[in-house]
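Written below as structure tokens is the structure these notes are about.
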Amino acid sequence: MRTPRPFRLGTAALALGAVASLAACSSGDAADDSGSDAAGSSSSGPAAGPRLAVSYEGGILVLDGTSLDTLADLPSEEFTRLNQAGDDRNVMVTVSDGFQVLDTGAGTTEEPELTDRLFAADTPGHVVRHAGKTILYADGTSDTTIFDTADLAATEDLPEHETVEGVEAHHGVSVVLEDGTFLTTVGNADGRNGVVVKDASGAVVAQSDQCPGVHGEGTAQGEAVVFGCEDGALLYVDGELTKLAAPDQPYGRMGNAYVSETSPLVVGDYKTDPDAEGYLLGAVTLIDTEAGTLEVVDLPEGVEYTFRDVARGPDDLAYVLATDGSIHVLDPATGELTESFPVIEAWEGPADWQDPHPAIVVSGDTGYVTEPATNEVHAVDLTTGEVLASTELEVTPNELAPAAG
């Protein structure tokens, strides 16, 4: 059943603050009203360290991950999606023809470059990183492209890669485990309904058609894999697929899983009305992959979010950027909100999921937050709530992808 939870605020809070199918310290004092330089400016050239890719309509900015100074403004398509490649340097940019490699130069003093390296794909979709592999899924063919993540930075060409041919085109996703086990969604033009699991030889070891509208995935501790369904989730553990039913039937949708590979607990988004207008959500799914349980927890009034507003961070906690403008710290073990860090002004949900709206991504202890209403990006210490740096851009930020350097 659905469980209401108490809402407890902590004291450490500082206030400051293409279409493809389907995630440090300021150079000035945090209390300095001048903030960081605007887009297009840079203090003294690139420094070795983390970087942050920020998409906007028609281009991609690469920011210094510490100061948030703009290092590069790279033209691209009208709408792109950004995903970490997994090697702490490169970002996969979803464009109309496939997955393009953005070299952020993180960890070096090199200038960022949107390279001409492209993994061709018909309707590029999900990007997954696990076990030293990067996995790219093409919705238009259901083909899966797999390569060793480390090879991406080791060559100026495309790294050697394998393509697993799909069966029927659909908006899907694939996962590859350490022993070569291959998990992929099943569907066609009429819909999606399940997952098939194959061993390294290609033999089917498990399958299920009990996941209507299958979408998204996450790999937790011990390589427990979760897929979202319109009536709950599918859990893969030790060779078996298990259905975890949502408390609301026939429709209780989990579409995105937010995981840590050092925790058995998975946080998912949750929706109960398939016809609801808008994209704001007011509850989360909590899955214990060891116990094989699924629970839905309602968030306090005013704490709503979209799929871009949840991330895992320090201590395997979840961080929810809510419509009240605060980052709320969610303990997946209890379902309680333990702290709240005001960062941006209150905001409303988007008319379309592709529209710019506040988002959060995490790199180490730092959360990067967009504020499209003011064209700002903020860096927040997630252990204290301190806003470490802010910058006002000359464009409206949409998606984010960090590179750790």
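Atom set for the values below is all heavy atoms of this structure, side chains included, hydrogens, waters and symmetry mates excluded.
A 6.0 Å sphere centred on CG of Asp352 holds more than 12 heavy atoms belonging to other residues, nucleotides or ligands. Enclosure of atom CD in Gln249 by more than 12 non-hydrogen atoms of other residues, nucleotides or ligands within 6.0 angstrom is indicated.
Salt-bridge formation is not detected for the pair Asp157/Arg117: no Lys NZ or Arg NE/NH1/NH2 atom is positioned less than 4.0 Å from an Asp or Glu carboxylate oxygen. Salt bridge Asp231/Lys243: present, at least one basic N to carboxylate O contact under 4.0 Å.
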Applying side chain to side chain donor-acceptor pair (under 3.5 Å), run through Asn256 and Arg308 and close with a yes or a no. CA-CA 10 Å; Asn256 297 277; Arg308 289 183 182 167; over 6 Å; no
Walk me through it: do Arg89 and Glu110 pass the test salt bridge (Lys or Arg N to Asp or Glu O under 4.0 Å)? CA-CA 11 Å; Arg89 174 164 176 164; Glu110 296 177 13; 2.6 Å; yes
Could you give me the CA-CA distance, side-chain angles and deciding distance for His130 and Glu261, then say whether side chain to side chain donor-acceptor pair (under 3.5 Å) is met? CA-CA 9 Å; His130 178 68; Glu261 294 196 354; 2.7 Å; yes
Starting from the C-alpha separation in whole Å, work towards a yes-or-no answer on side chain to side chain donor-acceptor pair (under 3.5 Å) for Thr374 and Glu376. CA-CA 5 Å; Thr374 59; Glu376 289 182 284; 2.8 Å; yes
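Aromatic ring centres of His170 and His215: separated by at least 6.0 Å. For His161 and Phe119, the ring centers sit closer than 6.0 Å to each other.
Smallest separation of non-hydrogen atoms from Ile60 and Ala53: CG2-CB, 4.3 Å. Scanning both residues, Leu152 and Ala85, for their nearest heavy atoms gives CD2-CB, 3.7 Å. Nearest approach of Gln221 to Pro264, heavy atoms of both residues: OE1-CD, 3.3 Å. Minimum heavy-atom separation, Val303 to Ala322: CG1-CB, 3.7 Å.
Panel note: side chain Tyr236, backbone Ala206; no donor-acceptor pair is recorded below 3.5 Å. Side-chain N or O atoms of Asp87 include one that pairs as donor or acceptor with a backbone N or O of Asn90 at under 3.5 Å. In terms of modelled atom types and a separation under 3.5 Å, the side chain of Thr109 and the main chain of Ala48 share no donor-acceptor contact. Of the possible polar contacts, none joining the Ser174 side chain to the Thr144 backbone as a donor-acceptor pair under 3.5 Å is found. With Ser67 contributing its side chain and Asp64 its backbone, the two residues share no donor-acceptor pair below 3.5 Å. Asp315 places no side-chain N or O within donor-acceptor distance of the main-chain N or O of Leu317, the cut-off being under 3.5 Å. The main-chain N or O of Gln84 is found under 3.5 Å from a side-chain atom of Arg129 such that the two form a donor-acceptor pair. Looking at Asp269, its side chain does come within 3.5 Å of a backbone N or O of Gly255 through a donor-acceptor pair. Proximity of a side-chain donor or acceptor of Trp353 to a complementary backbone N or O of Phe307 within less than 3.5 Å is not detected. When atom types are taken as modelled, the side chain of Gln100 and the backbone of Leu118 share no donor-acceptor pair closer than 3.5 angstrom.
Looking at Leu400 and Leu82, their side chains never come closer than 4.5 Å, going by heavy atoms from C-beta outward. Side-chain contact between Glu371 and Trp347 is absent, with no heavy atoms from C-beta onward closer than 4.5 Å. The closest side-chain heavy-atom distance from Leu241 to Leu235 is not below 4.5 Å. Side-chain contact between Val54 and Tyr368: absent, with no pair of heavy atoms (C-beta onward) separated by less than 4.5 Å. Side-chain atoms of Leu330 and Tyr319, non-hydrogen and from C-beta on, never get closer than 4.5 Å to each other. Contact of the Asp69 side chain with the Thr391 side chain is not registered, since no non-hydrogen atoms from C-beta on lie closer than 4.5 Å.
Using modelled atom types and a 3.5 Å distance limit, the side chains of Thr396 and Asn375 yield a donor-acceptor pair. Counted by atom type alone, Thr134 and Thr149 present one or more donor-acceptor pairs between their side chains at under 3.5 Å. Side-chain atoms of Thr366 and Asp381 form no donor-acceptor pair, as typed in the model, at a separation below 3.5 Å. Side chain to side chain, His328 and Glu339 fail the donor-acceptor criterion of an N or O pair below 3.5 Å. Side-chain atoms of Asp298 and Tyr270 include no donor-acceptor pair closer than 3.5 Å. Between Thr123 and Asp139, the side chains place no donor N or O within less than 3.5 Å of an acceptor N or O (distance only, hydrogens not considered).
Distance CZ/Phe182 to CG/Leu177: 10.5 Å, rounded to 0.5 Å. To the nearest 0.5 Å, atom OG1 of residue Thr145 and atom CD1 of residue Ile135 are 10.5 Å apart. Atom CG of Leu158 is separated from atom OG1 of Thr115 by 8.0 Å, given to the nearest 0.5 angstrom.
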